Amino acid sequence: MTAPVFDCSFMLEDDFTYVFRKVLRGLALSPTEAAKRAGLPESEVLAFSRGRFSAETARKLASALGLAPEAFASHPDYEPAIRNEPFLSRLVLPFGDEHVNAWLVSSGNTHLLFDTGDDPHSCADALEKPGVGPTTVFITHGHPDHTAGLPAFSGEKFGPEIPGASPLHAGETLQRGDLTIRTIDLSGHFNPSVGYLIEGFDKPLLVAGDAIFAGSIGGCDPDFYQPALDRIRAAVTSLDPETIILPGHGPATTVGEEMKRNPFFTW
């Protein structure tokens, strides 16, 4: 098993092919149907879906499928700025052959852990070496890669307050030390899902789970796709552009960056 590490790399979770697959899934379209909508040869769209990038193809598909054309056309060049905030640690934990994030947000003696990884031990082990015990553990949504490590934080070793494996209800406000945490409905990829808006630093933080990634969103079935987009867009446009977004996979980003570079956000 790959050892969990603290990491601030900027590699996106989703390349342009994943963005394309997610919009097709949400709209219940095949690549052939997308090609017809965009007025493109089917062979060109199939090649695009398999990794042959063309900025012009991306623009035409984006226009036909409700994505932002220029953001999609520049997606392969998107590298979010690396975040090195003293109050923030990204725990990159094993998830099969991939990785999943947990985030530790610290202010004085308050240490808030968001999500707990895909197995019983990796998240707790990652915190053992720096000797940081979370004072509260929060869960964004109920997928196992975010909840499987939760039991490790209920024993004598850590003993923090745990809201539970299910997310808190949207619209709740909590106070932990000098930090204010407000929950936002980000359901769609998983139902229910909440984002946690944290205020008390010089920049707000939004722990987004799998609702929002740098340059993408979490995949949604057709019944949930448009409502999820509406929720995400409403949440993002209401926040300060300097708000740091902490996703469940991939690097941190900001509201300002995503408004310019995320094909699902700019329209």
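Here the structure is a predicted model, which is why all the values come from computation and not from measurement. What you see below is based on every heavy atom in this structure, not just the backbone, and it leaves out hydrogens, waters and symmetry mates.
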- prompt: Between I198 and P204, is any pair of side-chain heavy atoms under 4.5 Å apart?
  reply: no
- prompt: Regarding S122 and D119, is there a side-chain donor-to-acceptor distance under 3.5 Å anywhere?
  reply: yes
- request: Any pair with a residue in residues 50-77 that passes ring pair (Phe, Tyr, Trp, His ring centres under 6.0 Å), sequence neighbours left out, goes on the list, sorted by first then second residue, please.
  value: F16-F53, F48-F53, F48-F72
- prompt: Would a distance-only check, ignoring hydrogens and angles, find a side-chain to backbone donor-acceptor pair under 3.5 Å from D221 to F224?
  reply: no
- line: dist L40:CG -> L46:CG (nearest 0.5 Å) comes out at 11.0 Å
- prompt: Should V194 and L174 be regarded as members of a common hydrophobic cluster, given that ILVMFWY residues are connected when their side-chain heavy atoms come within less than 4.5 Å of each other, either directly or indirectly?
  reply: yes
message: Is there a side-chain contact between L88 and L246 in this structure, where contact means two heavy atoms from C-beta onward sitting under 4.5 Å apart?
response: yes
task: Please answer whether the main-chain N or O of S187 pairs with a side-chain N or O of S193 as donor and acceptor at a distance below 3.5 Å.
output: no
message: Is there a path of hydrophobic side-chain contacts, each under 4.5 Å between heavy atoms of I/L/V/M/F/W/Y residues, joining I139 to F213?
response: no
Centroid-centroid distance, H141 to H146, less than 6.0 Å: yes
Taking distance alone, no hydrogens or angles, what donor-acceptor pairs closer than 3.5 Å link side-chain atoms of residues 107-114 to residues at least two apart or in another chain?
| from | atom 1 | to | atom 2 | distance (Å) |
| --- | --- | --- | --- | --- |
| S107 | OG | D178 | OD1 | 2.7 |
| S107 | OG | D178 | OD2 | 3.4 |
| H111 | ND1 | S106 | OG | 2.7 |

field: Carboxylate-amine/guanidinium proximity below 4.0 Å for E199 and R182
entry: no
task: Check whether any side-chain N or O of E258 sits under 3.5 Å from a backbone N or O of V255 as a donor-acceptor pair, and report yes or no.
output: no
message: Could you report the tightest heavy-atom contact between P94 and V100, atom names first, then the distance?
response: O-CG1, 4.3 Å
message: For the CG atom of L29 and the CG atom of L24, what is their distance to the nearest 0.5 Å?
response: 6.0 Å
field: Atom pair CD1/CG of I245 and L197 - distance to nearest 0.5 Å
entry: 10.5 Å
message: Looking at every heavy atom in both G188 and A228, which two are closest together, and how far apart are they?
response: CA-CB, 3.8 Å
- request: For the residue pair T140 and D210, establish whether any side-chain heavy-atom pair is separated by less than 4.5 Å.
  value: no
- prompt: Roughly how far, to the nearest 0.5 Å, is the OG1 atom of T180 from the OH atom of Y196?
  reply: 15.5 Å
query: What is the minimum heavy-atom distance between A235 and S238, and which atoms define it?
result: O-OG, 2.7 Å
- prompt: Can any side-chain N or O of T183 pair as donor or acceptor with the backbone N or O of G171 at less than 3.5 Å?
  reply: yes
task: Please report the C-alpha distance between T135 and R176 in whole Å, then the side-chain angles of each, then the deciding distance to 0.1 Å, and finally whether the side-chain contact (heavy atoms from CB on, under 4.5 Å) criterion is met.
output: CA-CA 9 Å; T135 50; R176 293 294 182 269; over 6 Å; no
message: Would K203 and E85 count as a side-chain contact (heavy atoms from CB on, under 4.5 Å) here? Give the steps.
response: CA-CA 10 Å; K203 302 172 185 176; E85 304 289 351; 3.3 Å; yes
task: Examine F264 and L65 and state if one hydrophobic cluster contains both, with Ile, Leu, Val, Met, Phe, Trp and Tyr joined whenever side-chain heavy atoms are less than 4.5 Å apart.
output: yes
- request: Please test V23 against Y225 for side-chain contact (heavy atoms from CB on, under 4.5 Å), starting from the C-alpha separation and ending with a verdict.
  value: CA-CA 9 Å; V23 72; Y225 177 68; 3.2 Å; yes
- prompt: Is the backbone of P247 close enough, under 3.5 Å, to the side chain of N101 for a donor and an acceptor to pair up by distance?
  reply: yes
- prompt: Under 4.5 Å between any side-chain heavy atoms of L229 and Q226, yes or no?
  reply: yes
task: Return yes if some donor-acceptor pair links the side-chain N/O of S74 with the main-chain N/O of D77 below 3.5 Å, else return no.
output: no
field: Whether E33 side chain and S30 backbone form a donor-acceptor pair below 3.5 Å
entry: yes
Nearest heavy-atom neighbours spanning P251 and E13: CD-N, 4.4 Å
- prompt: Nearest heavy-atom pair of L12 and P80: which atoms, and what distance?
  reply: CD2-CD, 3.7 Å
task: Answer with yes or no whether the hydrophobic clustering places Y18 together with L67; edges join I, L, V, M, F, W, Y residues whose side-chain heavy atoms lie under 4.5 Å apart.
output: no
- request: Go through the steps to decide whether D202 and F87 satisfy the test side-chain contact (heavy atoms from CB on, under 4.5 Å), and finish with yes or no.
  value: CA-CA 11 Å; D202 60 342; F87 52 79; 4.3 Å; yes
message: Using only atom types and a distance under 3.5 Å, with no angle test, would you say the side chain of T243 pairs donor to acceptor with the backbone of D240?
response: yes
query: Is it true that E242 and R83 have a side-chain N and a carboxylate O under 4.0 angstrom from each other?
result: no
- prompt: With side chains defined as the heavy atoms from C-beta onward, is the minimum distance between V137 and T116 less than 4.5 Å?
  reply: yes
task: Check whether more than 12 heavy atoms from other residues, nucleotides or ligands sit under 6.0 Å from atom CZ of R52, and answer yes or no.
output: no
query: What distance do D145 atom CG and D115 atom CG have between them, rounded to the nearest 0.5 Å?
result: 8.5 Å
task: For the pair R59 and E56, find out whether any cationic side-chain nitrogen is under 4.0 Å from an anionic carboxylate oxygen.
output: yes
message: For a 4.5 angstrom cut-off between non-hydrogen side-chain atoms, does T237 reach F265?
response: no
message: Within the structure provided, determine whether H189 and H143 are in side-chain contact (heavy-atom separation under 4.5 Å).
response: yes
task: Would you mind reporting whether L93 and L91 have side-chain heavy atoms less than 4.5 Å apart?
output: yes
query: Looking only at atom types and distance, does a side-chain atom of R231 sit under 3.5 Å from a main-chain N or O of I184, one as donor and one as acceptor?
result: no
field: Distance (rounded to the nearest 0.5 Å) between T253 OG1 and I82 CD1
entry: 12.5 Å
task: Measure across T254 and P241 and return the closest heavy-atom pair with its distance rounded to 0.1 Å.
output: CB-O, 3.8 Å
Y78 side chain to S216 side chain, donor-acceptor N/O pair below 3.5 angstrom: no
